Amino acid sequence: MAPKVKILSNYFGIDQAWTYDFYTGHGGYETAKKVLVEKQPDEVTAEVKASGLRGRGGAGFPAGMKWSFLAKPEGVPRYLTVNADESEPGTFKDRAILEWDPHMLIEGILIASYALGVHQAFVYIRGEFHLPEVHLSQAVEEAYAKGVIGEKCLGTDYKLDIVVHRGAGAYICGEETALLESLEGKRGYPRLKPPFPAVSGLFGCPTIINNVETIANVPWILANGGAAYAALGTEKSPGTRLFSISGHVNKPGVYEEELGIPLMTLINENGGGVRGGKKLKAVIPGGSSTPVLTPTECETITMDYEALAAAGTMFGSAGIIVMDEDTSMVEVIVNLLHFYAHESCGQCSPCREGTGWLHRTMKQLLKGQGTADDVEKILDIANQMEGRTVCPLAAAATMPTRSYLTKFRSEFEALLPKLAGV
Amino acid sequence: MPFTSEQQTRFEKAVAKYPHKQAALLTCLWIAQEIDGYITTAAMEYIAQLLEIPPSHVISVLTFYSMYQTEPIGKYHIQVCHTLSCALAGAEKIISHLENRLGIEAGETTEDQLFTLTRVECLASCGTGPMCQVNRSFHENLTPEKIDALLDTLKKEGAAHGPQS
């Protein structure tokens with residue numbers, strides 16, 4: 001068996017790994033220097049394209065292709081924005097990169113910005129993150145002081161500024177256009193697309209928005225070549241990913257593995273199995289917005305974009321939440337619907353009203369105060385919400401709702417009053 | 001003028017980082033909250049003037065985000081995550097324990113203005129739940145015993161430093 005390849009998590013958990021001295025002591029910034037001196041920007045994009053790297057925020061869009069869509073009108077600034085607004089329930093992997101290896105992210109930003117012809121990059125970090133922000137901000141200061149970024153990046157004529165921008169508590173700002181609005185000093189209301197940010201993004205200028213983990217892969221890809229990255233994982237889902245495992249497992253945590261790994265290997269080997277020797281009941285594979293999987297589905301599924309899509313769910317943010325046999329699926333969906341109702345930005349009526357309605361109806365049902373047609377009513381509301389909003393938050397609430405109702409229907413029906421005469 | 005010249009420099013430095021003044025709004029609100037503990041009306045007016053935007057826009061934006069305060073809160077803001085992974089790990093027990101110990105319900109502040117207890121949504125600490133954030137610091141893998149120890153420490157610290165200015 002080939003030795004396990006680690007791209008992102010080599011220095012997680014190591015004291016001082018977040019410092020410039022540690023990073024450069026382990027070969028840090030050598031790749032960026034080589035790239036800035038020896039490569040043309042388009043060659044960098046070509047390498048990322050060849051790697052097959054897909055966006056690690058949730059949507060899984062090929063990163064190199066996204067970069068190649070960036071409009072480049074003369075005399076107009078372009079921006080790179082890194083999405084560090086990690087807030088999808090069940091996901092805590094960007095936090096690990098920011099806390100332990102922020103210079104890896106900065107090197108990725110430097111290489112990506114160079115490829116894109118960007119001279120100002122923003123990192124939008126969620127307001128609740130303290131330690132990650134402290135480590136990232138310190139790293140940015142160090143990078144300026146050591147001449148890594150600034151007027152003359154690494155001694156070349158290339159100029160780059162990085163601004164760490166703190167959010168203030170709003171899940172919706174993880175949606176890329178809401179993030180841009182927030183960064184412009186507005187409410188985080190998602191924008192209609194098109195125009196796509198690559199054409200008209202931050203301050204109306206062409207903008208690329210990438211997730212922290214996506215950008216953190218870039219130095220390794222440029223150091224080792226796109227082909228080496230593409231050789232990892234599966235053909236259509238190349239590379240490694242940071243899996244966040246939480247819920248009823250013995251060893252919750254962030255684990256880096258190649259894509260295509262069986263879900264049960266992650267749960268049993270990385271996660272140490274279900275806690276207390278209990279039986280598995282359900283698993284959320286990619287953050288709370290992704291449809292839930294039953295134990296039978298879990299048995300055979302592999303963690304790659306294609307296999308998860310074929311099973312009717314999504315890879316999302318690779319946030320795996322494990323639930324044991326004692327878990328009430330009704331309680332779970334009530335919990336999640338509370339989240340979505342709280343986090344709906346309020347811009348679109350179907351989402352603002354629908355998420356609240358779903359939550360209230362489901363909560364009544366949980367209390368045993370539902371009515372006989374509640375399950376049908378909930379499914380009807382879900383149908384009315386989908387496809388009628390600016391952004392996917394409504395779908396993020398309805399997709400799991402439908403999956404819990406369909407796959408664990410008897411649990412919901414057991415709480416319903418008996419139909420008269422039946 | 002609600003801020004000293006030194007404090008004003010902090011605001012101005014933040015504004016200089018952005019290509020457009022309004023983009024510094026969230027950052028300016030953070031600075032104001034750090035200085036006063038919450039965002040005062042005078043601070044809102046100052047920020048509006050500094051960024052050349054209407055005060056109504058400042059209020060519209062700050063009320064959108066959950067972390068800005070427009071009234072004084074307790075010296076220690078205990079925010080307990082109750083979203084799914086933490087709920088599976090026992091967040092409700094932790095919230096009940098805190099409510100009992102503090103004699104308040106979530107959403108309230110103790111009479112001595114020392115603690116405000118809030119339920120919050122996912123803080124990206126799912127692998128180390130149940131957890132809470134006290135002001136800015138995360139406290140993870142909580143148990144009732146850990147909560148007791150934490151409250152004792154904060155009470156001692158709070159008494160030593162006096163009420164929040």
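Only a predicted model underlies this, so the values are computations on that prediction, with no experimental measurement involved. Per chain, numbering begins at 1; letters A, B, ... match sequence-line order.
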Sort by residue number and list every member of residues 318-326 of chain A having a non-hydrogen atom under 4.5 Å from chain B. A/I321, A/V322, A/M323
Of the listed residues (A/G167, A/G90, A/G185), which shares the most heavy-atom pairs with chain B below a 4.5 Å separation? A/G185
Under 6.0 Å from the NZ atom of B/K17, do we count more than 12 heavy atoms belonging to anything else shown? no
Answer with side chain, backbone, both or neither: which region of A/Y171 has an atom nearer than 4.5 Å to a non-hydrogen atom of chain B? neither
Looking only at heavy atoms, the pair that brings B/Y65 and A/G188 closest together is OH-N, 3.4 Å
Could you walk me through whether B/Q133 and A/H130 pass side-chain hydrogen bond (donor to acceptor under 3.5 Å, both in side chains), step by step? CA-CA 10 Å; B/Q133 182 166 25; A/H130 179 49; over 6 Å; no
Below 4.5 Å, heavy-atom pairs only: which of B/G129, B/S137, B/S125, B/P19 has the largest tally toward chain A? B/P19
What's the shortest heavy-atom distance between A/K281 and A/T327, and which atoms? NZ-O, 2.7 Å
Okay, A/E133 and chain B: the region with an atom under 4.5 Å from a heavy atom over there is side chain
Top residue by heavy-atom pair count (under 4.5 Å) with chain B, among A/D94, A/N335, A/I284? A/N335
Minimum heavy-atom separation for A/G174 and A/N83, please, with both atom names. O-ND2, 2.8 Å
May I ask you to name which of A/G346, A/A170, A/P89 has the most heavy-atom pairs under 4.5 Å with chain B? A/P89
Taking distance alone, no hydrogens or angles, what donor-acceptor pairs closer than 3.5 Å link side-chain atoms of residues 8-16 of chain B to residues at least two apart or in another chain?
| residue | atom | partner | partner atom | Å |
| --- | --- | --- | --- | --- |
| B/Q8 | NE2 | B/F3 | O | 3.1 |
| B/T9 | OG1 | B/S5 | O | 2.8 |
| B/R10 | NH2 | B/E34 | OE1 | 2.9 |

side-chain hydrogen bond (donor to acceptor under 3.5 Å, both in side chains) filter on A/Y255, not counting sequence neighbours, yields none
Taking distance alone, no hydrogens or angles, what donor-acceptor pairs closer than 3.5 Å link side-chain atoms of residues 79-94 of chain B to residues at least two apart or in another chain?
| residue | atom | partner | partner atom | Å |
| --- | --- | --- | --- | --- |
| B/H82 | ND1 | B/R119 | NH1 | 2.9 |
| B/H82 | NE2 | B/E121 | OE2 | 3.1 |
| B/T83 | OG1 | B/E121 | OE1 | 2.9 |
| B/T83 | OG1 | B/C122 | N | 2.7 |
| B/S85 | OG | A/S246 | OG | 2.7 |
| B/E92 | OE1 | B/R119 | NH2 | 2.8 |
| B/E92 | OE2 | B/R119 | NH1 | 3.0 |

